[in-house]
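Okay, structure first, notes after.
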Amino acid sequence: MKYCSLVNTKQGSKSTHRFSNGNTLPLVQLPFGMASFAPQTESDKRWYYHPDSRSLEGIRLTHQPSPWIADYGAFVFMPQNKQLGASGNNRWSGYRPEDAVLTPYYLKTRFLRSKADFELAPTERGACVKITFDEDGDNYLSVLPVWGRYSFRLDGNTLFASTNMHNMGSEAAKFKAYLVIRFPENSVDLGGTLVNRGKSFKKSEKIQGNDRGIHIKLKNKSTEFRLAISYISFEQALANLDSELSGKSFDDIALKAETLWESYLSKVEIETDDEKLMKTFYSCMYRAFLYPHKCYEYDASGKPVHYCPHDGGVHGGVRYTDNGFWDTYRTVYPFFSLVAKDELREMLEAFINEYTESGWLPRWLSIGECGCMPSTLIDAVICDGAVKGFIEKDLLETALEGMIHHSVKNSGKRNFGRNGAESYCKLGYVPYEEEKESVNLTLDAAYGDWCIAEIAKILGKTDIEAQYRKRALNYKNLFDPETGFMRAKNKKGGFRPDFSPFGWGRDYTEGSAWQNSFAVPHDIEGLAELYGGKEKLIEKIDELFSTPPYYEIKGYDSEIHEMTEMAAADFGQCAVSNQPSFHIPYIYSALGETEKTAYWVKRICNEAFSYENDGFPGDEDNGTTAIWYIFGVLGFYPFCPGKKEFVKGIKQVNKAFICGKEIDPDKFSGNTVPYDSLI
């Protein structure tokens with residue numbers, strides 16, 4: 001079976017900033033590759049691709065993990081002829097999206113105005129590109145900006161070099177993306193090359209600044225060239241190009257990329273007669289392996305090195321970026337523990353090394369630390385990796401040091417550490433006068449404390465384990481037995497007045513009390529006791545699903561897209577369009593009611609997901625939502641990352657195999673599936 005043929009790379013791309021069906025891009029790249037490529041159809045810098053658009057502004061070399069985070073180090077490539085354009089508004093060409101080929105390993109689009117085909121096959125840090133014009137004449141390869149200050153330089157008639165210094169607000173000292181292109185001999189007309197500043201063009205081989213571009217005149221109707229990037233230097237970019245592309249034909253590179261994708265997609269094999277399910281499953285499998293992006297290169301001796309955004313230097317070792325742990329801890333890394341073990345081990349090493357380089361463990365990496373979402377859910381990623389044996393003792397000691405550090409000390413920086421850590425230590429909760437979203441901050445801190453206790457147990461640090469097991473119960477401090485919800489408190493211990501369970505924001509992260517009051521995965525039994533027993537908590541979750549998807553703006557200036565999406569999906573107050581609700585259908589199973597979990601998971605999978613361009617119920621977020629679906633189909637779910645078990649759902653296929661081993665959750669008694677039984 002050719003698994004790539006089942007993948008729709010456009011799944012989830014039919015989105016806008018007011019309504020997300022995934023907010024994805026049809027990325028052509030290698031699994032976890034440093035260089036990604038996608039068509040740019042819109043002049044919007046963030047929402048720059050829409051599958052229904054019939055205009056094409058070029059092919060973007062992109063690193064964008066989400067339109068909400070935006071891109072960095074990006075370049076756009078476009079074949080043009082005769083009358084040139086520079087901005088998206090005056091250079092765009094018509095194209096037929098139905099004729100475009102967008103597979104994980106190969107891209108082909110036709111620019112109708114230029115009468116040119118553009119083909120691309122990716123490598124880890126670059127690509128091989130073929131441009132074929134229908135006619136001889138004034139044909140150009142335009143290399144164009146997205147954001148920020150650029151430099152463009154054509155050195156002779158075979159080598160092009162460019163830089164881009166732009167990143168979107170993350171800590172990224174001295175950041176610069178380096179791009180090199182190597183053309184074949186006698187393929188570039190040096191004297192005919194143009195540069196532009198805005199709409200003004202002139203003959204030149206170099207230019208730098210904002211709003212600049214270069215238009216390299218090509219001598220032949222067909223030109224095949226190779227490109228590569230680096231975050232270290234031009235010399236490193238050339239080394240990347242030589243190691244990945246030199247001596248290889250376009251077809252060789254495309255075949256290698258296809259073979260690699262087939263090996264990843266086949267890590268989970270399913271048997272089903274449902275064609276829609278099959279296509280949706282493998283489209284989600286493709287999404288599972290796009291992020292995080294590799295952010296390291298190899299020096300002359302073959303050792304990994306990386307740009308460090310914290311000091312601008314070059315450090316030894318591996319690094320990964322473009323990942324927010326508030327989202328991904330829930331599904332992505334537990335999935336990698338089953339199907340991408342070597343990569344997970346390397347990722348964990350990279351994330352822990354962030355502590356040694358910056359003084360803080362990461363929260364949301366997009367080249368540098370951007371601190372987009374609250375809390376330090378890296379705790380759960382490290383804990384899950386530790387209990388499953390993916391972290392060596394010395395590295396785990398460093399990780400524990402970093403976890404304790406952010407659990408007791410405010411960073412004083414917006415992007416780093418736990419928000420309200422010191423008040424949490426003093427009061428047992430984060431007060432709402434000090435931090436917004438204080439309920440989530442408190443519950444996430446309690447879960448993080450449990451993760452610290454688990455790691456301390458592995459390392460034999462009994463005093464630390466005892467201290468943090470006690471702290472892990474702090475979630476109880478915000479429970480209001482009168483309303484049955486977690487509620488924010490002030491410094492004096494009083495609940496915030498003017499409470500509504502439908503009020504989004506303010507004390508809650510991207511949701512209301514309904515979505516955020518049950519985030520106690522490490523102690524669901526203890527949470528049930530607060531309600532008066534398991535039966536009472538089950539009744540509360542029944543009420544959650546039966547309550548209409550009402551919402552109130554409260555802490556936001558206006559409606560946010562997650563509110564709209566919850567109402568559109570209409571699974572009651574279970575906003576499965578967003579991560580805080582991911583575990584809610586599985587609470588039933590965690591409490592022994594597997595049948596109810598099976599009902600809701602199967603219904604959500606069937607009604608909210610598809611392989612189509614609008615195939616997700618909300619933001620896909622770096623694999624999190626795609627993998628939620630994968631777990632839903634396979635019949636088990638990582639209810640509490642950090643525990644070596646999964647809770648049962650319902651297997652929705654005839655047979656399933658993980659890395660060649662048949663798995664069947666139904667053969668296990670009770671409501672859990674041991675991790676060790678799946679590997």
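It should be emphasised that the depicted structure is a prediction, and the values quoted were computed from it without experimental measurement.
Looking at heavy atoms from C-beta onward, E244 lies out of side-chain contact with R226 at the 4.5 angstrom threshold. Proximity of I181 to F77: side-chain heavy atoms (C-beta onward) are separated by under 4.5 Å at one or more points. Residues H215 and T193 fail the side-chain proximity criterion, which asks for heavy atoms closer than 4.5 Å. Side-chain atoms of Y298 and K303, non-hydrogen and from C-beta on, never get closer than 4.5 Å to each other. The shortest side-chain heavy-atom distance between E612 and K14 does not fall under the 4.5 Å cut-off. Looking only at side-chain heavy atoms (C-beta outward), S187 and E224 stay at 4.5 Å or farther from each other. Using a 4.5 Å cut-off on side-chain heavy atoms (C-beta onward), L227 and F37 make contact. The side-chain heavy atoms of W68 and C372, taken from C-beta on, include no pair separated by under 4.5 Å.
Counting only N and O atoms by type, the side chains of N23 and E620 include no donor and acceptor under 3.5 Å apart. Neither side chain, N323 nor R363, offers a donor N or O lying under 3.5 Å from an acceptor on the other. Side-chain polar atoms of S151 and Q208 form no donor-acceptor pair below 3.5 angstrom. Side-chain atoms of N353 and E357 form no donor-acceptor pair, as typed in the model, at a separation below 3.5 Å. Judged by distance alone, the side chains of E42 and S53 do bring a donor and an acceptor atom under 3.5 Å apart. Using modelled atom types and a 3.5 Å distance limit, the side chains of Y320 and E346 yield a donor-acceptor pair. Side-chain atoms of E510 and N578 include a donor-acceptor pair closer than 3.5 Å. No hydrogens or angles considered: nothing links the side chains of H63 and D71 as a donor-acceptor pair under 3.5 Å. Neither side chain, E562 nor S577, offers a donor N or O lying under 3.5 Å from an acceptor on the other. Checked by atom type, the side-chain pair Y264/E343 shows a donor-acceptor distance below 3.5 Å. In summary, the side chains of H310 and E369 do not present any donor paired with an acceptor at a separation below 3.5 Å, with no hydrogens or angles considered.
Taking the ring pair (Phe, Tyr, Trp, His ring centres under 6.0 Å) definition, one finds that Y329 meets it with Y447, sequence neighbours left out. Shown here are the salt bridge (Lys or Arg N to Asp or Glu O under 4.0 Å) partners of E262, two or more places apart in sequence or in another chain: there are none. Looking at residues two or more places apart in sequence or on another chain, you find no side chain to side chain donor-acceptor pair (under 3.5 Å) involving Y140.
Other residues, nucleotides and ligands contribute more than 12 heavy atoms inside 6.0 Å of the CG atom of D99. Within 6.0 Å of atom CD in Q83, 12 or fewer heavy atoms from other residues, nucleotides or ligands are found, so the atom counts as exposed in its surroundings. Within a 6.0 Å radius of NZ in K206, other residues, nucleotides and ligands contribute 12 heavy atoms or fewer. Around atom CZ of R197, no more than 12 heavy atoms belonging to other residues, nucleotides or ligands sit under 6.0 Å away. No more than 12 heavy atoms of other residues, nucleotides or ligands sit less than 6.0 Å from atom NZ of K115. Counted within 6.0 Å of NZ on K219, heavy atoms from surrounding residues, nucleotides or ligands total more than 12; the atom is thus considered enclosed.
A donor-acceptor pair under 3.5 Å is absent between the side-chain atoms of N196 and the main chain of K202, judged by distance alone. In this structure a side-chain-to-backbone donor-acceptor pair under 3.5 Å is missing from T9 to T103. Side-chain atoms of Q11 come within 3.5 Å of backbone N or O of S610 as a donor-acceptor pair. For the pair S5 (side chain) and K2 (backbone), a donor-acceptor distance under 3.5 Å is present. For D299 (side chain) and S301 (main-chain N/O), a donor-acceptor pair under 3.5 Å exists by modelled atom type. In this structure a side-chain-to-backbone donor-acceptor pair under 3.5 Å is missing from N21 to S15.
Smallest separation of non-hydrogen atoms from E57 and S43: OE2-OG, 2.7 Å. Heavy atoms only, all atoms of each residue included: V195 and I214 are closest at CG1-CG1, 3.8 Å. The heavy-atom pair separating P362 from E354 by the smallest distance is CD-CB, 3.8 Å. Here the shortest heavy-atom pairing between A74 and V146 reads CB-CG2, 3.8 Å. Looking at every heavy atom in both residues, G324 comes nearest to N622 through N-OD1, 4.1 Å. The shortest heavy-atom contact between T624 and T328 is CG2-CA, 3.3 Å.
Between atom CZ of residue F250 and atom CD1 of residue I253 there is a gap of 8.0 Å, rounded to the nearest 0.5 Å. Separation of atoms NZ (K176) and CD1 (I232) is listed at 14.0 Å; rounding is to 0.5 Å. Separation of atoms CH2 (W364) and CG (D327) is listed at 7.0 Å; rounding is to 0.5 Å. Between M168 atom CE and W147 atom CH2 the span is 4.5 Å, to the nearest 0.5 Å. Here the straight-line distance linking atom OG1 of T109 with atom CG of L112 works out to 9.5 Å at 0.5 Å rounding. One distance of note links CG of N139 with CD1 of I216; it measures 13.5 Å at 0.5 Å rounding.
Cation-pi geometry between K294 and F32 is not satisfied (NZ or CZ under 6.0 Å from the ring centre, within 45° of the ring normal). Judged by a 6.0 Å distance limit and a 45° cone about the ring axis, R125 is positioned over the six-membered ring of Y296. A cation-pi arrangement is present between R153 and F234, with the terminal nitrogen or guanidinium carbon under 6.0 Å from the aromatic centre and inside a 45° cone about the axis. Note that R60 lies in the cation-pi zone of Y48, set by a 6.0 Å cut-off to the ring centre and a 45° limit from the axis.
No salt bridge links K221 with D136; every basic N to acidic carboxylate O contact stays at or beyond 4.0 Å. Under a 4.0 Å N-O distance rule, the pair R182/D242 qualifies as a salt bridge. Between D251 and K256, no side-chain nitrogen of the basic residue sits less than 4.0 Å from a carboxylate oxygen of the acidic one, so the salt-bridge criterion is not met. Salt bridge E559/R18: absent, no basic N to carboxylate O contact under 4.0 Å.
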Verdict with supporting geometry, Y3 and W261, ring pair (Phe, Tyr, Trp, His ring centres under 6.0 Å): CA-CA 8 Å; Y3 291 97; W261 268 112; over 10 Å; no
Check against salt bridge (Lys or Arg N to Asp or Glu O under 4.0 Å), R110 and D134: CA-CA 11 Å; R110 181 161 178 82; D134 289 356; 2.4 Å; yes
Verdict with supporting geometry, Y106 and E119, side chain to side chain donor-acceptor pair (under 3.5 Å): CA-CA 7 Å; Y106 171 75; E119 297 175 80; 2.5 Å; yes
Chi angles and distances behind the side chain to side chain donor-acceptor pair (under 3.5 Å) call for Q29, S36: CA-CA 5 Å; Q29 65 167 80; S36 306; 2.5 Å; yes
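Annotation: F325 is in aromatic contact with F351 [ring centroid separation under 6.0 Å]. With ring centers used as reference points, F75 lies under 6.0 Å from Y150. Note: H166 and F175 fail the aromatic proximity criterion, with ring centroids not under 6.0 Å apart.
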